[in-house]
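Below you'll find the structure, written out as structure tokens, and then a few comments.
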Amino acid sequence: MIRLDIFSDPICPWCYIGKARLQRALEARPNHPFLIQWHPFQLNPDMPADGMDRRAYLEAKFGGKEGAIQAYLPVVQEAEDSGLEINLEAITRTPNTLNAHRLIQWAGLEEKQNAMVDRLFKAYFVEGKDLGDLEVLADLAAEAGMERDVVARLLASDADGEEISARDADARAKGVNSVPTFVISNQHVVPGAQPADLWVGVIDEILEQIDAAPSEAT
């Protein structure tokens with residue numbers, strides 16, 4: 001297996017799109033060699049703990065309502081082209097995602113990380129759920145196959161919060177400055193929401209190298 005590290009944030013629309021495109025390639029190549037691990041990167045690490053009004057956030061970030069609309073037009077188009085449902089009107093708050101990242105980390109311990117990431121994306125971009133709400137996160141964890149009561153107790157504590165922040169800071173120190181960012185075998189960096197065809201090509205090239213390795217060694 002070859003490690004594929006993915007730096008992402010559950011409220012990043014390009015991460016939502018990028019995962020869907022990667023998933024399409026993985027389905028086209030079920031013999032792919034990737035062992036996927038998700039890593040924290042907060043788009044808004046200084047966001048207040050209880051988040052903020054979505055409209056106010058977007059207008060402050062993009063310089064007004066019209067700027068926000070123009071910024072998200074390509075997001076909607078690319079999501080639709082990728083066969084994804086996206087309902088930006090349903091989103092009323094932009095959350096601090098530290099707790100969502102804690103949840104993704106715990107899901108990884110139970111080998112449920114991909115399911116958890118999928119559920120968070122759908123909750124935010126389709127259902128408009130507040131990913132800063134601990135009750136919402138506990139419910140989503142249960143839907144991904146985790147023990148709700150256990151997750152709720154962990155979320156109510158500060159477990160792994162400092163670790164998540166440290167991992168985020170470490171990623172930035174190593175050059176990750178936008179998401180999604182994919183790192184193959186700790187060597188090759190693939191930035192952005194790349195098309196499924198690109199990933200199919202990458203997988204085919206890796207499989208060819210793997211097949212060729214024994215003959216080269218003899």
Side-chain angles (χ1 to χ4, degrees), residues 6-24 27 38 40-104 107 112-146 148 151-152 155 164 168 177-182 191-196:
I6 307 175
F7 295 84
S8 168
D9 195 359
I11 65 168
C12 164
W14 293 110
C15 297
Y16 177 45
I17 294 167
K19 185 182 190 303
R21 292 174 173 175
L22 172 63
Q23 187 61 41
R24 187 176 302 167
E27 291 169 358
W38 293 82
F41 186 99
Q42 287 189 272
L43 289 178
N44 307 295
D46 298 322
M47 177 67 64
D50 59 350
M52 66 183 296
D53 176 78
R54 175 71 170 173
R55 179 172 295 180
Y57 164 77
L58 289 177
E59 293 184 4
K61 183 174 182 177
F62 296 110
K65 180 178 180 180
E66 187 59 32
I69 291 172
Q70 291 301 316
Y72 269 83
L73 281 176
V75 169
V76 173
Q77 186 61 56
E78 293 289 343
E80 291 177 352
D81 290 348
S82 297
L84 287 173
E85 183 179 357
I86 190 165
N87 183 13
L88 298 178
E89 294 298 320
I91 304 171
T92 59
R93 294 195 64 77
T94 297
N96 182 305
T97 56
L98 177 64
N99 289 319
H101 282 297
R102 290 201 294 159
L103 186 54
I104 293 169
K112 295 180 172 67
Q113 206 172 43
N114 279 312
M116 192 70 259
V117 171
D118 278 337
R119 190 63 192 93
L120 287 166
F121 279 143
K122 182 180 179 182
Y124 190 69
F125 288 108
V126 179
E127 300 164 358
K129 293 184 182 294
D130 181 3
L131 298 190
D133 186 309
L134 299 187
E135 291 297 314
V136 168
L137 291 176
D139 288 342
L140 296 176
E143 292 174 26
M146 301 174 70
R148 189 192 188 285
V151 171
L155 286 170
I164 294 296
D168 185 312
N177 54 31
S178 63
V179 285
T181 293
F182 304 83
Q194 299 295 337

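- Between S8 and F121, the closest side-chain pair of non-hydrogen atoms falls below 4.5 Å.
- Side chains of Q23 and N114: a donor-acceptor N/O pair is absent below 3.5 angstrom, by distance only.
- Distance check, rounded to the nearest 0.5 Å: OH of Y16 to CD1 of I86 gives 6.5 Å.
- Scanning both residues, A144 and M116, for their nearest heavy atoms gives CB-SD, 3.8 Å.
- Of the inter-residue distances, the one linking Y72 atom OH with L58 atom CG reads 5.5 Å to the nearest 0.5 angstrom.
- With sequence neighbours excluded, the residues that form a side chain to side chain contact (heavy atoms under 4.5 Å, CB included) with V136 are K129, D133, L140.
- By the neighbour-count criterion of 12 heavy atoms within 6.0 Å, atom NZ of K122 is sparsely surrounded, having that number or fewer from other residues, nucleotides or ligands.
- Salt bridge E127/R119: present, at least one basic N to carboxylate O contact under 4.0 Å.
- P13 and I11 make their closest contact through CD-O, 3.4 Å (heavy atoms, listed as atom of the first residue, atom of the second, distance).
- For the atom pair CH2 of W14 and CD of Q194, the computed distance is 11.0 Å after rounding to the nearest 0.5 Å.
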Walk me through whether N87 and Y124 qualify under side chain to side chain contact (heavy atoms under 4.5 Å, CB included). CA-CA 9 Å; N87 183 13; Y124 190 69; over 6 Å; no
Review item, side-chain donor-acceptor pairs of residues 60-70, under 3.5 Å, at least two apart:
from: K61; atom 1: NZ; to: Y57; atom 2: OH; distance (Å): 3.3
from: E66; atom 1: OE2; to: Q70; atom 2: NE2; distance (Å): 3.0

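- N44 places no side-chain N or O within 3.5 Å of a backbone atom of D46 that could act as its donor or acceptor partner.
- R148 has its side chain within reach of E135: a pair of non-hydrogen atoms, C-beta onward, lies under 4.5 Å apart.
- Here the closest heavy-atom approach between residue P45 and residue Q42 is recorded as CD-O, 3.3 Å.
- With respect to the salt-bridge test (charged N to carboxylate O, under 4.0 angstrom), the residues E78 and R21 qualify.
- D130 and R93 make their closest contact through OD2-CD, 3.8 Å (heavy atoms, listed as atom of the first residue, atom of the second, distance).
- Residues L155 and R102 approach most closely at O-NH2, 2.9 Å, considering heavy atoms.
- Counting heavy atoms from C-beta outward, V179 and L43 have side chains that approach closer than 4.5 Å.
- Looking at Q113, its side chain does come within 3.5 Å of a backbone N or O of W38 through a donor-acceptor pair.
- Under the 3.5 Å distance criterion, with hydrogens and angles disregarded, no donor-acceptor pair is assigned to the side chains of R54 and T92.
- Between the side chain of R24 and the main chain of P195, no donor-acceptor pair closer than 3.5 Å is present.
- Contact detail for L120 and L137: the closest heavy-atom pair is CD2-CD2, 3.9 Å.
- Put simply, the side chain of L98 reaches to within 4.5 Å of the side chain of N96, judged on heavy atoms.
- For the residue pair D168/H101, the side-chain donor-acceptor check at 3.5 Å is not satisfied.
- Annotation: side chain of F125 is in contact with side chain of L88 (closest heavy-atom distance under 4.5 Å).
- By the 4.5 Å heavy-atom criterion applied to side chains, P180 and F41 are not counted as neighbours.
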